[in-house]
A.B. asks: 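Could you have a look at this structure, given as structure tokens, before my questions?
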2 protein chains.
Amino acid sequence: MTASGSTAREEAFEPQLVLERFLPYRLNVLASLTSNALAQIYAERFGLSIPAWRVVATLGQYDVRTARDIAAHGVMHKSTVSRAVSALEQRGLIQRRPNDEDRREAWLALTEEGRRIYESIVPEALGFESRVISVLTPQEQILFGNLVDRLTASARSLAPEGEVEA
Amino acid sequence: MTASGSTAREEAFEPQLVLERFLPYRLNVLASLTSNALAQIYAERFGLSIPAWRVVATLGQYDVRTARDIAAHGVMHKSTVSRAVSALEQRGLIQRRPNDEDRREAWLALTEEGRRIYESIVPEALGFESRVISVLTPQEQILFGNLVDRLTASARSLAPEGEVEA
DNA sequence: CGAGGGTGGTTGCGTTTGCAACCAATATGG
DNA sequence: CCATATTGGTTGCAAACGCAACCACCCTCG
């Protein structure tokens, strides 16, 4: 109807939303590229699923946590964490110790073997990360981290409460 | 064994990898926060799954594409796209027209109703996006987009070939 | 033109996922 | 204290997922 170009059948519209400039879309592409590439490392070499790796990574960093902590921290659904934890426990990579102060929950920690695996993965993970971000200058890297954090805070404040999983 | 703090059982280690500073982790958190929040809009209000929305968004922007194009563009597996397309076709939101030049593939386009839904979602999606990024100054927004693009290119070049889906 | 390889798209299958219902234990409030 | 709500964690189930096998078709090359 308007006088713009294109001999479209009837409507001549501008795209209303250009995906390549749409933030959620771009973030998703970038995040899945990095996640999938990383996943190959710990899946093929150590048989860890993504949730399992997240549990291991969290315990590697924090030593002792509950499943609930891990879920909240890693933006995962509690059932996802529960299953990852059982699998890891059965493989002897983490250990569960009841909390006598509150017998609903349990403390989780890496076993020695779990930590050994963690320590094998970490350098690879860090290496991968540094290869990815090497296209940015050091200042840009810092800046980017800063912007990501602020956006995350913003997104979190807009999310309709505990609505968040992986 | 070393003289550092903590009365840990035996080892006294530094965390080797701090998740809060680990890029793939942070990107995942941010991406799933935004994706999930967005998904609520088009899932609850229009009954669209994430892949379905991506198909609609792509066709909204490009008017006519093949399933293959959409998959490549949206970083989705071709079976995911195939199923989303069938569902959308059955709901009358998109239309399939055989390509006589190559009868393996088919041209896909939004129907009028499909476009109506697209046009209802877009303002909401853009509104959500702008609320999220409003914590950045305009220059920061541009800069962030630039950095994301460069990181994406970098990650893509490191990914072991067509290894990428949602 | 006919055989062999490659490509767009679909589908069966086993696995993973998220949701919701549930269990056990703790907190709260009459 | 007992009833009720809440919370950490598990599990059944249905839906969604990726993979690989597959079908139809195209393209090449002998």
Side-chain angles (χ1 to χ4, degrees), chain A residues 28 32-33 35-37 39-40 43-44 47-55 58 64-90 94 96-108 159-166, chain B residues 28 32-33 35-37 39-40 42-44 47-55 58 64-90 94-108 159-166:
Chain A
N28 240 304
S32 36
L33 280 166
S35 277
N36 291 349
Q40 277 205 279
E44 287 178 1
L48 293 184
S49 68
I50 292 182
W53 152 249
R54 291 217 193 151
V55 170
T58 308
V64 171
R65 286 290 113 136
T66 69
R68 204 203 136 276
D69 295 335
I70 297 175
H73 185 262
V75 196
M76 295 189 283
H77 195 268
K78 63 179 182 167
S79 64
T80 309
V81 174
S82 171
R83 287 189 257 251
V85 164
S86 317
L88 288 168
E89 193 188 16
Q90 226 161 3
I94 74 178
R96 205 188 297 244
R97 193 152 36 95
N99 173 11
D100 290 321
E101 318 270 288
D102 183 341
R103 301 216 311 287
R104 284 172 302 187
E105 63 188 18
W107 297 117
L108 305 173
E161 195 48 29
E163 285 293 348
V164 182
E165 303 98 28
Chain B
N28 240 302
S32 35
L33 280 167
S35 277
N36 291 349
Q40 277 206 282
Y42 49 76
E44 286 177 2
L48 294 184
S49 67
I50 291 182
W53 153 249
R54 292 218 191 150
V55 170
T58 307
V64 171
R65 288 289 113 138
T66 70
R68 204 202 136 277
D69 297 335
I70 297 175
H73 186 263
V75 197
M76 294 188 284
H77 195 268
K78 63 179 181 168
S79 64
T80 308
V81 174
S82 172
R83 287 189 255 252
V85 164
S86 317
L88 287 168
E89 192 188 17
Q90 227 161 3
I94 76 179
Q95 198 189 348
R96 205 187 298 242
R97 194 155 34 97
N99 174 10
D100 291 322
E101 317 270 289
D102 184 341
R103 300 214 314 286
R104 285 172 301 186
E105 63 187 18
W107 296 116
L108 305 172
E161 193 50 29
E163 286 291 348
V164 182
E165 300 102 26

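To find a chain, count down the sequence lines: A is the first, B the second, and so on, and within it residues start at 1. All heavy atoms count here, side chains included; hydrogens, waters and symmetry mates do not.
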A.B. asks: Tell me the interatomic distance from A:Asn36, atom CG, to D:dC17, atom P, rounded to whole angstroms.
C.D. replies: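 Answer to the nearest Å: 14 Å.
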A.B. asks: Would you mind reading off the distance between B:Arg68 atom CZ and C:dG8 atom P, rounded to a whole angstrom?
C.D. replies: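 Those two atoms, CZ and P, are 5 Å apart.
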A.B. asks: Which residue, A:Asp100 or A:Thr80, contacts DNA chain C at a nucleotide closer to its 5' end, judged by nearest heavy atom?
C.D. replies: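 Nearest nucleotide further toward 5': that of A:Thr80.
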A.B. asks: Contact class for A:Ser86 vs. all strands (heavy atom < 4.0 Å): base, sugar-phosphate, or nothing?
C.D. replies: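 It contacts nothing in the nucleic acid.
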A.B. asks: Nearest heavy atom decides the nucleotide; on that basis, is A:Pro51 or A:Glu101 closer to the 5' end of DNA chain C?
C.D. replies: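 Nearest nucleotide further toward 5': that of A:Pro51.
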A.B. asks: So, does the side chain of B:Arg83 form a donor-acceptor pair with the base of C:dG12 at under 3.5 Å?
C.D. replies: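 Per atom types, the contact qualifies.
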A.B. asks: Can you find a pair of side-chain heavy atoms, one from B:Ser32 and one from A:Met76, that are under 4.5 Å apart?
C.D. replies: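 They are not in contact (no side-chain heavy atoms under 4.5 Å apart), so the answer is no.
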A.B. asks: Just how far is it from atom NE2 of B:His73 to atom OG1 of B:Thr66, taken to the nearest 0.5 Å?
C.D. replies: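 Spacing of NE2 (B:His73) from OG1 (B:Thr66) equals 12.0 Å.
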A.B. asks: Atom OG1 in A:Thr80, atom CD1 in A:Ile50: separation rounded to 0.5 Å?
C.D. replies: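 Reported value, rounded in 0.5 Å steps: 11.5 Å.
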A.B. asks: About how many Å separate CH2 of A:Trp107 and CG of A:Asp100, when rounded to the nearest 0.5 Å?
C.D. replies: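 Rounded to the nearest 0.5 Å, the CG-CH2 separation comes to 11.5 Å.
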A.B. asks: Round to the nearest Å and state the distance from A:Glu105 atom CD to C:dA25 atom P.
C.D. replies: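 These atoms are roughly 13 Å apart.
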A.B. asks: To the nearest Å, how far apart are B:Ile50 CD1 and C:dG18 C1'?
C.D. replies: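 Rounded to whole Å, this separation is 12 Å.
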A.B. asks: How long is the line joining CD1 of A:Ile70 and C1' of D:dG9, in whole Å?
C.D. replies: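 The distance from CD1 of A:Ile70 to C1' of D:dG9 comes to 12 Å, rounded to the nearest Å.
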A.B. asks: Checking all strands, does B:Ser49 fall into the base, sugar-phosphate, or nothing category for heavy-atom contacts under 4.0 angstrom?
C.D. replies: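 Counting heavy atoms under 4.0 Å across all strands, no contact is made by B:Ser49.
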A.B. asks: For D:dG8, take OP1 and OP2 only and decide whether either is under 4.0 Å from a side-chain N or O of A:Arg96.
C.D. replies: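 Answer is no, no contact under 4.0 Å.
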A.B. asks: Would you mind reading off the distance between B:Leu48 atom CG and D:dA16 atom P, rounded to a whole angstrom?
C.D. replies: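 After rounding, the gap between these two atoms is 12 Å.
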A.B. asks: Enumerate all atom pairs, one protein N or O and one N or O from nucleotides 20-24 of chain D, separated by less than 3.5 Å.
C.D. replies:
none

A.B. asks: In whole Å, I'd like the distance from the CG atom of A:Asp102 to the P atom of D:dT6.
C.D. replies: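 Nearest whole value for this atom pair: 17 Å.
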A.B. asks: A:Met76 has an atom CE; how far is it from atom C1' of D:dG9, in whole Å?
C.D. replies: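 Taking CE of A:Met76 and C1' of D:dG9, I get 14 Å after rounding.
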A.B. asks: On the nucleotide D:dG8, are OP1 or OP2 found under 4.0 Å from the side-chain N or O atoms that A:Ser82 carries?
C.D. replies: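 Answer no for this pair, as no side-chain N or O of A:Ser82 is under 4.0 Å from OP1 or OP2.
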A.B. asks: Between atom CG of A:Leu108 and atom CG of A:Asn99, what is the distance when rounded to the nearest 0.5 Å?
C.D. replies: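 A:Leu108 CG to A:Asn99 CG: 11.0 Å, rounded to 0.5 Å.
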A.B. asks: What distance separates B:Arg83 CZ from B:His77 NE2, expressed to the nearest 0.5 Å?
C.D. replies: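 Rounded to the nearest 0.5 Å, the CZ-NE2 separation comes to 9.0 Å.
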A.B. asks: List the steps and the verdict of side-chain contact (heavy atoms from CB on, under 4.5 Å) for A:Asn28 and B:Arg54.
C.D. replies: CA-CA 11 Å; A:Asn28 240 304; B:Arg54 292 218 191 150; 3.6 Å; yes
